[in-house]
Amino acid sequence: MTSVTDAYRVLRERRDADHDTSTAAAVDAFTAIALGMSAGEHQGPLELYATFAIAEQEALEGMAALGAQLGDTDASTAVPDLDEAGRLGGLLCEVLVQQAENSSDPSRRLAVLNAAAHAGRIRDLLA
């Protein structure tokens, strides 16, 4: 399982790569957020349960917009730092908007913009 910190680093490195490479990094970033937020639901402070649940749902929906789904999960995932997860959501939003701007396929552009909207909601929720 990739940590939120590692996912941020990889996405930042691959943001200008070809479409398939940057999309794979975006899916990995959404996965890191979803798994981290799931861990937060189970291990985090009770007062943040709703925040973890909403951010996890946004990550899952962002993955779905990119045509991916969460596979088997590792129960030992650590609860991520919410500031780091929020920064990852922000970077993810930027990368996906850039991908959409460069896409010539209208249906693909819409799917990527939908994923960017979910990433933006994660960024805003965790700000």
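Please read these numbers as outputs of a predicted model, since none were measured by experiment. Values below: all heavy atoms of this structure, side chains included; hydrogens, waters and symmetry mates excluded.
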| message | Are L66 and V97 linked, directly or through intermediate hydrophobic residues, by side-chain heavy-atom contacts shorter than 4.5 Å (ILVMFWY only)? | response | no

| Please walk me through it: do L82 and L48 pass side-chain contact (heavy atoms from CB on, under 4.5 Å)? | CA-CA 10 Å; L82 293 181; L48 292 176; 3.9 Å; yes

| Atom CZ in F52, atom CG in L46: separation rounded to 0.5 Å? | 10.5 Å

| task | Kindly determine whether E94 and Q98 satisfy side chain to side chain donor-acceptor pair (under 3.5 Å), including the steps that lead there. | result | CA-CA 6 Å; E94 290 175 26; Q98 181 181 355; over 6 Å; no

| request: Look up atom OG in S38 and atom CD in Q57, then write down how far apart they are to the nearest 0.5 Å. | output: 11.5 Å

| Result of checking M63, R121, R123 against E58 for side-chain contact (heavy atoms from CB on, under 4.5 Å) | R121

| task | Please tell me if the side chains of T2 and T31 come closer than 4.5 Å, counting only heavy atoms from C-beta onward. | result | no

| Quick one: do F30 and L113 end up in the same hydrophobic cluster if we chain Ile, Leu, Val, Met, Phe, Trp and Tyr together by side-chain heavy atoms under 4.5 Å apart? | no

| Side chain T23, main chain H19, donor-acceptor under 3.5 Å | yes

| said: Is it the case that the side chains of D105 and S103 hold a donor-acceptor pair, with the cut-off being a distance below 3.5 Å and no angle test? | reply: no

| Of all heavy-atom pairs between L91 and R12, which one has the smallest distance, and what is that distance? | CD2-N, 3.6 Å

| query | Of the non-hydrogen atoms in M37 and P80, which two are nearest, and what is the gap between them? | reply | CE-CG, 3.5 Å

| Hey, mind stepping through Q99 and R108 against side-chain contact (heavy atoms from CB on, under 4.5 Å) and telling me if it holds? | CA-CA 10 Å; Q99 263 190 24; R108 178 72 186 153; 4.2 Å; yes

| said: Using every non-hydrogen atom in the two residues, find where A55 and L125 come nearest and quote the distance to one decimal. | reply: N-CD2, 3.6 Å

| message | Return the CZ to CD distance between R109 and E101, rounded to the nearest 0.5 Å. | response | 9.5 Å

| query | Where do L11 and S22 come nearest, in terms of heavy atoms and distance? | reply | CD1-O, 4.3 Å

| Closest heavy-atom contact between L96 and A26? | CD2-CB, 3.9 Å

| query | Looking at CD of E61 and CD1 of I122, how far apart are the two atoms once the value is rounded to the nearest 0.5 Å? | reply | 9.5 Å

| message | Let me confirm one number: the CG-OG distance from L35 to S3, rounded to the nearest 0.5 Å. | response | 11.5 Å

| message | Run the side chain to side chain contact (heavy atoms under 4.5 Å, CB included) test against D20 and tell me which residues pass, sequence neighbours left out. | response | D18

| query | What distance do R87 atom CZ and Y8 atom OH have between them, rounded to the nearest 0.5 Å? | reply | 7.0 Å

| What are the two closest heavy atoms between V10 and A25, and how far apart are they? | CG1-CB, 4.3 Å

